[in-house]
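Following: one structure in structure tokens, then a few remarks.
What's counted below: heavy atoms across the whole structure, side chains too, no hydrogens, waters or symmetry copies. In this chain, numbering begins with 1 at the start of the sequence shown. This one's a predicted model, so the numbers in the text were calculated from it and none came from an experiment.
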Amino acid sequence: MNDSGPTRRMPLRLLERVQPRDLDRTRQRIADEERRSTERRRGTEDRPTPPDRLLERALNGHSPPAYGHARRLLERR
């Protein structure tokens with residue numbers, strides 16, 4: 001069971017070349033996910049407040065509003 005030196009080193013040399021690329025790819029994925037998380041959080045925080053009134057349109061969309069709702073009534077539902 002005596003393996004020769006060059007054949008055992010070849011897979012190690014391959015790992016030596018491949019691992020930095022994998023590490024760079026992993027770091028890029030982490031940075032992308034952190035950016036997405038920040039954007040998601042910022043989007044939630046910067047969302048405008050809902051309007052005080054809500055107008056409900058008729059089914060055809062061209063008629064004047066059919067109903068008006070106050071926000072305080074919508075929040076109770």
Any luck finding a side-chain donor-acceptor pair between D24 and Q28 under 3.5 Å?
-> no
Quick one: does T38's side chain have a donor or acceptor within less than 3.5 Å of a partner on E34's backbone?
-> yes
Can you tell me how far the CG atom of D46 sits from the CZ atom of R41, to the nearest 0.5 Å?
->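 If we round to the nearest 0.5 Å, D46:CG and R41:CZ are 9.5 Å apart.
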Straight-line distance of R8 CZ to M10 CE, nearest 0.5 Å =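 Result: 14.0 Å between the selected atoms.
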Does a sphere of radius 6.0 Å around CZ in R42 hold more than 12 heavy atoms from other residues, nucleotides or ligands, not counting ones at 6.0 Å or beyond?
->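 Incorrect, the count does not exceed 12.
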Do R13 and E16 pass the salt bridge (Lys or Arg N to Asp or Glu O under 4.0 Å) test, and can you show the C-alpha distance, the side-chain angles, and the key distance before you say yes or no?
-> CA-CA 5 Å; R13 292 291 180 197; E16 186 180 43; 3.0 Å; yes
Side-chain contact test, heavy atoms from C-beta onward, threshold under 4.5 Å: evaluate it for D32 versus R35 and give yes or no.
-> yes
